Amino acid sequence: MQLPKQYIPKEYEDKIYQKWEKSGYFQPKAGPPWADNPDNLEVNKNVPSFVISMPPPNATGVLHVGHTLGITVQDIMARYHRMKGDRTLLLPGTDHAAIATQNVVEKMLRKEGASRHKMGREKFLERTQKYVEDNKATINNQTKKMGASCDWSREAYTMSQELNYAVNAHFKKMYDDGLIYRG
């Protein structure tokens with residue numbers, strides 16, 4: 001067999017990453033993949049857990065070198081703990097970025113000769129959501145291209161109903177406890 005003169009990542013890396021995802025190795029398990037029963041998803045209290053919730057990048061653009069460094073370091077730690085046999089979760093996600101996203105979408109609208117006021121609230125929110133969804137897909141694809149060992153079945157989004165509920169519940173608890181007040 002003759003080796004090609006040049007390595008062409010597009011020919012191999014997507015297939016390798018898909019194989020990793022299908023294997024379930026990126027999901028927290030009761031032990032390492034080489035254990036007697038790697039498909040055992042029941043929690044074993046004797047196996048240490050290690051979790052990293054990736055700081056979610058804003059959905060206002062693409063990843064930059066700072067994101068790349070952070071994701072690389074987090075992935076190294078997650079893989080290390082997996083190799084030790086710890087039940088390991090590297091949780092991916094994206095952040096809506098609220099006002100920053102609104103500003104980006106409003107600039108796009110101005111270039112088109114439109115505005116959020118002319119569109120109305122509902123259409124503007126729909127447009128913003130579409131923009132965020134498109135960027136989330138790009139960010140997720142970039143993260144996968146780096147080979148990050150994330151559990152994509154648990155992907156988080158700061159504007160999801162679950163996280164929105166958690167934030168509101170905690171805000172209310174802090175208000176009830178007198179930690180938040182008007183003034």
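Please read all numbers here as calculations on a predicted model, not as lab measurements. Positions are given from 1 along the sequence.
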Exercise for the section: Apply side-chain hydrogen bond (donor to acceptor under 3.5 Å, both in side chains) to the pair R87 and S49, showing each step before the final yes or no. Expected result: CA-CA 5 Å; R87 196 174 37 258; S49 295; 2.9 Å; yes
Looking at [Y], is its backbone amide N or carbonyl O close enough to the side chain of [X] to form a donor-acceptor pair, meaning the two atoms are under 3.5 Å apart?
X: Q74; Y: G70; value: yes
X: D151; Y: Q27; value: no
X: E155; Y: G93; value: no

Exercise for the section: Would you mind listing every ring-ring contact (aromatic ring centres under 6.0 Å, His included) that reaches into residues 71-103, with sequence neighbours excluded? Expected result: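 Residue pairs passing ring-ring contact (aromatic ring centres under 6.0 Å, His included), neighbours aside: F50-H81.
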Does any non-hydrogen side-chain atom of [Y] lie less than 4.5 Å from one of [X]?
X: S115; Y: R110; answer: no
X: F124; Y: V105; answer: yes
X: M119; Y: E126; answer: no
X: T101; Y: V132; answer: yes
X: I8; Y: E11; answer: yes
X: L109; Y: R127; answer: yes
X: E162; Y: S160; answer: yes
X: I16; Y: Q18; answer: no

Does the distance from a Lys or Arg side-chain N to an Asp or Glu carboxylate O, for [X] and [Y], drop under 4.0 Å?
X: K144; Y: D14; answer: no
X: K130; Y: D134; answer: yes
X: D177; Y: K173; answer: yes

Please report the interatomic distance [atom1]([X]) to [atom2]([Y]), rounded to the nearest 0.5 Å.
X: M77; Y: I52; atom1: CE; atom2: CD1; result: 3.5 Å
X: N140; Y: C150; atom1: CG; atom2: SG; result: 8.5 Å
X: L163; Y: N168; atom1: CG; atom2: CG; result: 11.0 Å
X: M159; Y: T94; atom1: CE; atom2: OG1; result: 11.5 Å
X: S149; Y: L90; atom1: OG; atom2: CG; result: 5.0 Å
X: E133; Y: T138; atom1: CD; atom2: OG1; result: 11.0 Å

Practice task
For Q161, look at atom CD and say whether over 12 heavy atoms of other residues, nucleotides or ligands are found less than 6.0 Å away.
Solution key: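 No - once you tally the heavy atoms of other residues, nucleotides and ligands closer than 6.0 Å, there are 12 at most.
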Handout entry: side chain to side chain donor-acceptor pair (under 3.5 Å): pairs with one or both residues in residues 51-66, sequence neighbours excluded
Key =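 Those involving residues 51-66 are H64-H67.
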Exercise for the section: I would like to know whether L91 and M54 meet side-chain contact (heavy atoms from CB on, under 4.5 Å); could you show each step before the answer? Expected result: CA-CA 6 Å; L91 181 67; M54 294 171 64; 6.0 Å; no
Problem - Option passing side-chain contact (heavy atoms from CB on, under 4.5 Å) with F171 (candidates D176, I180, L179) - result: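 Single pass found, and it is I180.
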Practice task
Return the minimal non-hydrogen interatomic distance between A78 and T88, and the atom names on each side.
Solution key: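 Residues A78 and T88, closest heavy atoms: O-CG2, 3.5 Å.
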Problem - Minimal non-hydrogen separation, P28 against L89, with atom names - result: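 Smallest interatomic distance, heavy atoms only, reads CG-CB, 3.7 Å.
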Exercise for the section: Give the cluster check for V73 versus I139: same hydrophobic cluster or not, with ILVMFWY residues linked at side-chain heavy-atom distances below 4.5 Å. Expected result: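 Yes, V73 and I139 fall within the same hydrophobic cluster.
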Practice task
Tell me whether L69 is reachable from L63 by hopping between hydrophobic residues (I, L, V, M, F, W, Y) whose side-chain heavy atoms are closer than 4.5 Å.
Solution key: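 Hydrophobic grouping puts L63 with L69.
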Practice task
Indicate whether the side chain of Y7 and that of E13 have a donor and an acceptor atom separated by less than 3.5 Å.
Solution key: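 Y7 vs E13: donor-acceptor pair found between side chains.
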Practice task
Please say whether the positively charged group of R79, taken as NZ for Lys or CZ for Arg, lies over the ring of W20, i.e. under 6.0 angstrom from the six-membered ring centre and within 45 degrees of the axis.
Solution key: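 That pair qualifies as a cation-pi contact.
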Handout entry: R82/D86 under salt bridge (Lys or Arg N to Asp or Glu O under 4.0 Å): CA gap, chis, key distance, verdict
Key = CA-CA 5 Å; R82 273 192 206 99; D86 297 347; over 6 Å; no
Problem - Within the 6.0 Å centroid threshold, strictly below: Y12 and Y17 - result: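 Between Y17 and Y12, which both carry aromatic rings, the centre distance is not below 6.0 Å.
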Problem - Set of ring pair (Phe, Tyr, Trp, His ring centres under 6.0 Å) partners for Y165, sequence neighbours left out - result: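 Y165: no ring pair (Phe, Tyr, Trp, His ring centres under 6.0 Å) contacts found.
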